[in-house]
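The analysis underlying the following values was restricted to heavy atoms, covering all of them including side chains, and did not include hydrogens, waters or symmetry mates. Numbers restart at 1 for each chain; the letters A, B, ... are given by sequence-line order, proteins then strands.
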Amino acid sequence: MTPALAFFYGGMVRAKGVLNMIMMTVIPMATVGVLWVLFGFSMAFGDSKGFSGSPFQYFGMHDVIGATVGTDPHSIPMFAFAAFQSAFAIIAVALVAGCAADRMKFSAWIVFSALWAILCYFPAANWVFGTGWILNQMKAVDFAGGTAIHINAGAGALALAIVLGKRIGFGSKPMRPHNTTMVMLGATGLWFGWFGFNAGSALGANEVGGWAWINTLLGAGCAFLGWIFVEWIRDGHPTTLGAASGMVAGLVGITPACAAVSPIGAIILGLVVGAICAMAVGLKYKFGYDDSLDVVGVHMVGGFVGTVLIGFLGDPNYMAAAHPAALEAHKAGLFYSGSARLLGTQLVCALAVLFYSFIVSFIIAFVIKKTMGIRISTKQELAGIDLVEHAEAGYDLSNVRYTSMRIRDSLVLPSSPVSPVPADKADSSDTKGTQA
Amino acid sequence: MTPALAFFYGGMVRAKGVLNMIMMTVIPMATVGVLWVLFGFSMAFGDSKGFSGSPFQYFGMHDVIGATVGTDPHSIPMFAFAAFQSAFAIIAVALVAGCAADRMKFSAWIVFSALWAILCYFPAANWVFGTGWILNQMKAVDFAGGTAIHINAGAGALALAIVLGKRIGFGSKPMRPHNTTMVMLGATGLWFGWFGFNAGSALGANEVGGWAWINTLLGAGCAFLGWIFVEWIRDGHPTTLGAASGMVAGLVGITPACAAVSPIGAIILGLVVGAICAMAVGLKYKFGYDDSLDVVGVHMVGGFVGTVLIGFLGDPNYMAAAHPAALEAHKAGLFYSGSARLLGTQLVCALAVLFYSFIVSFIIAFVIKKTMGIRISTKQELAGIDLVEHAEAGYDLSNVRYTSMRIRDSLVLPSSPVSPVPADKADSSDTKGTQA
Amino acid sequence: MTPALAFFYGGMVRAKGVLNMIMMTVIPMATVGVLWVLFGFSMAFGDSKGFSGSPFQYFGMHDVIGATVGTDPHSIPMFAFAAFQSAFAIIAVALVAGCAADRMKFSAWIVFSALWAILCYFPAANWVFGTGWILNQMKAVDFAGGTAIHINAGAGALALAIVLGKRIGFGSKPMRPHNTTMVMLGATGLWFGWFGFNAGSALGANEVGGWAWINTLLGAGCAFLGWIFVEWIRDGHPTTLGAASGMVAGLVGITPACAAVSPIGAIILGLVVGAICAMAVGLKYKFGYDDSLDVVGVHMVGGFVGTVLIGFLGDPNYMAAAHPAALEAHKAGLFYSGSARLLGTQLVCALAVLFYSFIVSFIIAFVIKKTMGIRISTKQELAGIDLVEHAEAGYDLSNVRYTSMRIRDSLVLPSSPVSPVPADKADSSDTKGTQA
Amino acid sequence: MKLITAIVQPAVLDNVQIALATKGVAGMTVSEASGYARQRGHVEVYRGAEFTIDFVEKVRIEILASDADAEEITTTICDAARTGEIGDGKVWVTPVEDVIRIRTAERGDAAI
Amino acid sequence: MKLITAIVQPAVLDNVQIALATKGVAGMTVSEASGYARQRGHVEVYRGAEFTIDFVEKVRIEILASDADAEEITTTICDAARTGEIGDGKVWVTPVEDVIRIRTAERGDAAI
Amino acid sequence: MKLITAIVQPAVLDNVQIALATKGVAGMTVSEASGYARQRGHVEVYRGAEFTIDFVEKVRIEILASDADAEEITTTICDAARTGEIGDGKVWVTPVEDVIRIRTAERGDAAI
Ligand SMILES: Nc1ncnc2c1ncn2[C@@H]1O[C@H](COP(=O)(O)OP(=O)(O)O)[C@@H](O)[C@H]1O
Ligand SMILES: Nc1ncnc2c1ncn2[C@@H]1O[C@H](COP(=O)(O)OP(=O)(O)O)[C@@H](O)[C@H]1O
Ligand SMILES: Nc1ncnc2c1ncn2[C@@H]1O[C@H](COP(=O)(O)OP(=O)(O)O)[C@@H](O)[C@H]1O
């Protein structure tokens, strides 16, 4: 799933930055995975201490052997539950990377993403999936993470994009996707994985999983249609990039709603989310923030619209099985119950996560900028980030090789703490800062 | 799965048409998905009204909550069943796209594919999987869709290819696959997904699923061998495109048979299907129809051979568990029972679907051609369909950018129903027709 | 899974050899699949006859209908078990291909890989997973194949690389990966599939599967970190190829250990394996064998380190559920029990498989070299193996086509046993030898 | 000796090749190029942002010829490459002082 | 007539194009090239093995011009392409004996 | 001044580069090309249909040289690029009227 995101994002940048974008997207599979097992799971699903669960309750997964989650005939081992939930934590963090194409120091991203996981995702997961206030006090509906994952990541991306500043040439130089087939590979891979997320969130091969699956299909499919219809009318052509973007926007929008709306509701939700996101991705040019791959336009806006639409479309027949507490507290969506209580709740929760995440992310990014530095130099950016941060090129399809080779003497064992890098290749401060 | 098909097909066209081919293949994920939920599932699995199930019985999935499919200890929620079966509907339609590379109006494809789903797939699914005559009157063996999916799609592709006419330069200008690795990515992705289709058709992690899995492995693997052996003998080299094609041909061939034959039977079936399809793909040059990516040679022929071979190879030990009704009615395959009754049944059903689909598809395509138009202009075809239909290019791997950029004022909100498209870029009739 | 390996390997070779590498990797899906069903499963899981199981007990899967594996409430049909285990057999053989890039006759690889499966993998699977000595006499811990698969394949690759000799220009001409995004696609695909392997080896959705999953995540993630840390210190940059390699090394290392160590243990194991493998891949330049894609450095070394580390890190709490026999026989790992008995056992088993495989593989390769020939000619190697062995090119992204086309008369039916190949294109002996 | 350089539409390369072959022209060198002149480029749209691709794909053909053959080759190319649409391209002729065939070290007209 | 060939940094292509357009230059042909001289290439590392990419990406611009315009075009290109860093490249001028516009078969200055 | 253009096999580029470096040649520009002459192309087969790739991959090397050095450079290239097999390619020399180094605006021999 997260790899699919890596290709969705990777295909959209220029060929000189594809590897960096992939690296930024996959590194949370390692770092956030470790944090999750150490104390993230515990912060998310431990007994609530107000802000989040206690980080020490299941520290390093202790006391998890033998524990289960869910009520009995349908209970699953807590180890399996922790494994399943780790995928959500990882992808939430990886999503943020899309705003930072082509210009962020890789070391700064590692630090930012780890702090973001700890301060933004783990608490939000507690609020929405665990023992926290959104699920338990507010009794809001968020089946698989519209607020905790998408609004959260989108708002974080907005903050990070603002602190980072624009890419050189943003808005004037063309930066077209270098490989639209790779974008589509990623988008369809996300769709495939999302069936697992949404249907799997029913924690069992039961009926709720069945309609979560159907609604995921419809939500993504209709947002795909909604997006390309907007393009067809506005730009004259339905594009493949639009199709891929629409799929993802639809997945985002249906994520909180997939168990609470009927299939007809999912169709409406998909069309609306797709159309709105297709328009929202243009906002960055109006407001001048360089959210390079539209994390805001797709995930923040899509997650927001999906979360709020539940307030209209929440169907009591479906909520009865999947969200009984929310149904009891707020009745169904406005269109079914005539009451705006659910709508209000959804709106409050969505905005709360949005502002929390924006502010905290901004502070994290700002502190990093002032301490270790957050952006590569102009010269490096022009040379291409793959080369300066990773000493690699994504493709070598030519049959002519203008290359010579040297085997390092130090290949097997490191000979010195930092091997010399040609001064015109990388600011040495760059790599030094991150080896610590 | 359907995305895998998009890459299998997309890799085989030239670089200028890859996005259009991917778009044609994935759009049924949206359109057919919606139709399926609205009335397709009902047509396929509602109580039979002769031609098909009633489209209104489960319209929009109403009355599906709480319903189950299958007999009890092994029953599954009907919602889950509908979700699983939607994947079959989508891929059946997507398969047809392979005949139409590089020259079909995208709007015409959307209309064709929707009508084809309604008039060809939903009824055929009813006959083969649901309450219809092939399964229940004829008691034919088609485990996972050799007739309903592959013969059906292949015959539809033949009709569409004939109505569309040949690509400019067909048979004289070389049109080699632009990315054989992408073809292989698609083929192996299909294989992976097919395990789900075939083993999943057993509706549970039971023993029939186990041998369906083994037979799927063997069928695809042996057709892969069969195909490259023919190439090795005929052309002097086993090719990667042949390997990928053989895999897919084998998957097609084993689809109807995977629960009814023994592993040894699957080996024989695979070798035969692979070899026959390797020869059949040349027929288009003999007969002069431009079935661009060999939907006929692989799916129609492969599905036909697989369906008919059950008449020889159907093993009573395996049919007893998976196809008890067919076993009782027709005894086993010719090689086991000495009786040709099963063979005759299979042949009749295969031919019935083939002719039905060919005729109906031809009529649909012909009507579209005469009304909205089915093909882009010659000038557009030469310029490349990605550019004129989608205003995009698949790849931009060069580091030199000969491009300038302009931000549309109308980016956020559409300013006019149709934004102006340079006259030499696209016939405006094109896009207008499809916005309705 | 095996396809993921094909892309992991395929992206690492030069553009002129990508198809051959993919073909070598996927052909075992056909050949080994057939051998597995015929007698491989029987050799691996039949009653032990000393060297291996009897090849005839389940020949062609007879007597498998109705049989089950495992003790009752958790038993699964033997057909499903055979299907699951076939994936291990196939990938073990495919792994070896990585040492043979750009220079091995495709026919020779088919023969080598089949013999290797029969003489090296099927027996080793019996020892480790089935009725043989490593599992049952030695009571060693190897959950999902560190010895049987990775050490085995790595040692085989070393032998084959030595017999094959170096690629022209090895160590002096640069041979950089032609598509690092494809490498990453493969590595992440492997990771995805490995969750299935490792968690699936628990044969059920139980708690052991849960921690196997968590440990697989941590092992791969930490080896990814370990590898890029070594690079960051030694070379000045963390690379994407290093990240992908680290993931795979971690998967290899955690394979035997994933059920026997705690999450903290998996983190340590991952970091150690990643760092050691990052150093080990340089050995080929020191010792001068051309293990082209580092099967030795990643799989043999990684598998060895992972297997041996269990001797230190084996945690009694986890072994109690997953490896009770080993726990009883050897107590836990050195760090927990203070006893080196488990360590000694692991070491002996790892070395035994390593030497057995190296010697047998060397003999197989040597016999092939002396009989049918194992390597293409120098001229062919310079022209590019895709062209001479498969008459294809991986990519055609240019819009300019310097190509003309001819339809073979013999397209549908082979006209003559061997169609003429231009003499300067391929030694005719090549293809003749393998058609038999 | 002369070097004849032609910038033509990619689609006519076949034509030119065949026309030259029938005139007995032994060899040529071809490479990819992009042109910019009267013929307009095209527009692509990505997430609503418009990209104008100014340059149009062309093929460059280079042929070495003896002084005597140059004119005929030039005319042959022009005739074979003409579609009559804007963007057909240009041919130009430059003087060459020496030509060497690497394999044999032959020089001058013999090397062509 | 003259053929002006310029090898420039890829990043300045826009600049050159605009500068020439303002001088009224009607057309040009562009292609990709790699250069090797004072400017050093870069290093890549794959699994610890170092690869030096000796050649640096450049763009080749070719412009046909009448004898009268050649000097101005040359100067315009040089000014627009100058960054002052090593690797800015070279411009050279060669004589052309004849130019033909394929579409119309016009020759000489009229064909430029 | 002269422009030396060589069309050579891709595999000998290293050789040529080293040979020229030892003669002190400061710079060169390289690009990809495809050739068509005595050397035959190869055949590919896709689903039984045969495709003949007529053109063979080559590398174009361009070197600006002073009149004095041109002959030596030409010979050096030929020697370094010779494998003796058909397809070794050609070298040709054309007159150059002016050369400018963009960075410094130096002209003539000083700019080479
Ligand atoms: N002054 C020039 N110098 C170099 N190449 C030119 C020049 N003018 C045109 N070209 C090349 O010729 C191609 C066709 O020119 P264009 O004016 O579009 O059409 P036509 O030659 O039919 O009038 C251009 O794409 C460009 O490659
Ligand atoms: N003698 C030469 N012949 C052909 N091209 C050259 C020559 N010298 C330099 N070049 C081209 O000019 C480019 C820039 O040259 P370089 O010496 O690196 O910078 P500068 O021109 O600023 O001194 C090179 O990359 C190469 O493409
Ligand atoms: N008349 C020509 N004009 C331009 N390039 C030519 C000409 N003849 C040959 N070439 C180039 O030289 C290359 C080698 O020529 P070829 O005749 O195949 O080998 P050889 O030069 O060894 O006899 C060709 O691929 C082509 O690029």
Subject >> From CH2 (Trp213(A)) to CZ (Phe79(B)), nearest 0.5 Å >> reply: 14.5 Å

Original post:
What heavy-atom pair brings Asp396(B) and Pro177(A) nearest, and what distance separates the two atoms?
Top reply: CB-O, 4.1 Å

**OP:** Would you please test Asp386(B) and Thr180(A) for side chain to side chain contact (heavy atoms under 4.5 Å, CB included) and show each step?
**Re:** CA-CA 11 Å; Asp386(B) 281 1; Thr180(A) 310; over 6 Å; no

Original post:
Do the side chain of Glu392(B) and the main chain of Leu241(A) share a donor and acceptor less than 3.5 angstrom apart?
Top reply: yes

**OP:** Take Phe106(B) and Trp232(A), measure what side chain to side chain contact (heavy atoms under 4.5 Å, CB included) needs, and give me the verdict at the end.
**Re:** CA-CA 11 Å; Phe106(B) 188 58; Trp232(A) 220 328; 3.8 Å; yes

**OP:** Check Phe224(A) against Val26(B) and note the closest heavy-atom contact, atom names and distance.
**Re:** CE2-O, 3.6 Å

Original post:
Would Ile264(A) and His62(B) count as a side chain to side chain contact (heavy atoms under 4.5 Å, CB included) if you check the C-alpha gap in whole Å, the side-chain angles of each, and the deciding distance to 0.1 Å?
Top reply: CA-CA 10 Å; Ile264(A) 305 291; His62(B) 76 74; over 6 Å; no

Subject >> Heavy-atom pair of closest approach, residues Ala83(B) and Gly210(A) >> reply: CB-O, 4.2 Å

Subject >> Within-4.5 Å side-chain heavy-atom neighbours: Cys222(A) and Val34(B) >> reply: yes

**OP:** Mind checking the CZ-CD1 spacing from Phe41(B) to Ile214(A)? Nearest 0.5 Å is all I need.
**Re:** 8.0 Å

Original post:
Using non-hydrogen atoms only, which part of Phe7(B) is less than 4.5 Å away from chain A: side chain, backbone, both, or neither?
Top reply: side chain

Subject >> Ala87(B) versus chain A, the contacting section by heavy-atom distance below 4.5 Å >> reply: neither

**OP:** Can you tell which part of Ile228(A) gets under 4.5 Å to a heavy atom of chain B, answering side chain, backbone, both or neither?
**Re:** side chain

Subject >> Pairs of heavy atoms under 4.5 Å with chain A: top-ranked of Ala6(B), Gly10(B), Gly394(B), Ala393(B) >> reply: Gly394(B)

Subject >> Proximal component of Ile110(B), with respect to chain A [non-hydrogen, under 4.5 Å] >> reply: side chain

Original post:
Should Thr240(A) and Asn20(B) be marked as a side chain to side chain contact (heavy atoms under 4.5 Å, CB included) after you check the CA-CA gap, both sets of side-chain angles, and the distance that decides it?
Top reply: CA-CA 8 Å; Thr240(A) 310; Asn20(B) 174 256; over 6 Å; no

Original post:
Under a 4.5 Å heavy-atom cut-off, does chain A meet the side chain of Met182(B), its backbone, both or neither?
Top reply: side chain

Original post:
So, Glu389(B) side chain and His237(A) main chain: donor-acceptor pair closer than 3.5 Å or not?
Top reply: no

Subject >> Contact origin within Val64(B) toward chain A - heavy atom pairs under 4.5 Å >> reply: backbone

Original post:
Going by heavy atoms in the side chains, are Trp36(B) and Leu217(A) under 4.5 Å from each other?
Top reply: no

Original post:
Does any heavy atom of chain B fall under 4.5 Å from the side chain of Phe192(A), the backbone, both, or neither of them?
Top reply: side chain

Original post:
Met61(B) versus chain A, heavy atoms under 4.5 Å apart: side chain, backbone, both or neither?
Top reply: both

Original post:
Side chain, backbone, both or neither: which part of Leu19(B) has a non-hydrogen atom closer than 4.5 Å to chain A?
Top reply: both

**OP:** Nearest 0.5 Å please: distance from the CG atom of Leu225(A) over to the CD1 atom of Ile27(B).
**Re:** 5.5 Å

Subject >> Heavy-atom pair with the smallest gap, counting every atom of Leu397(B) and His178(A) >> reply: CD2-CD2, 3.5 Å

**OP:** Pick one of side chain, backbone, both or neither for Val18(B), based on which atoms fall under 4.5 Å of a heavy atom in chain A.
**Re:** side chain

**OP:** Please answer whether the main-chain N or O of Pro238(A) pairs with a side-chain N or O of His390(B) as donor and acceptor at a distance below 3.5 Å.
**Re:** yes

Original post:
If we only count heavy atoms from C-beta on, is the Leu185(A) to Leu185(B) side-chain gap below 4.5 Å?
Top reply: yes

Original post:
Between Ile22(B) and Met184(A), which heavy-atom pair has the shortest distance, and what is it?
Top reply: CG2-CG, 3.5 Å

Subject >> Closest approach of Ala30(B) to Gly221(A) (non-hydrogen atoms, all atoms of both residues) >> reply: CB-O, 3.2 Å

Subject >> From OG1 (Thr181(A)) to CE (Met21(B)), nearest 0.5 Å >> reply: 14.0 Å

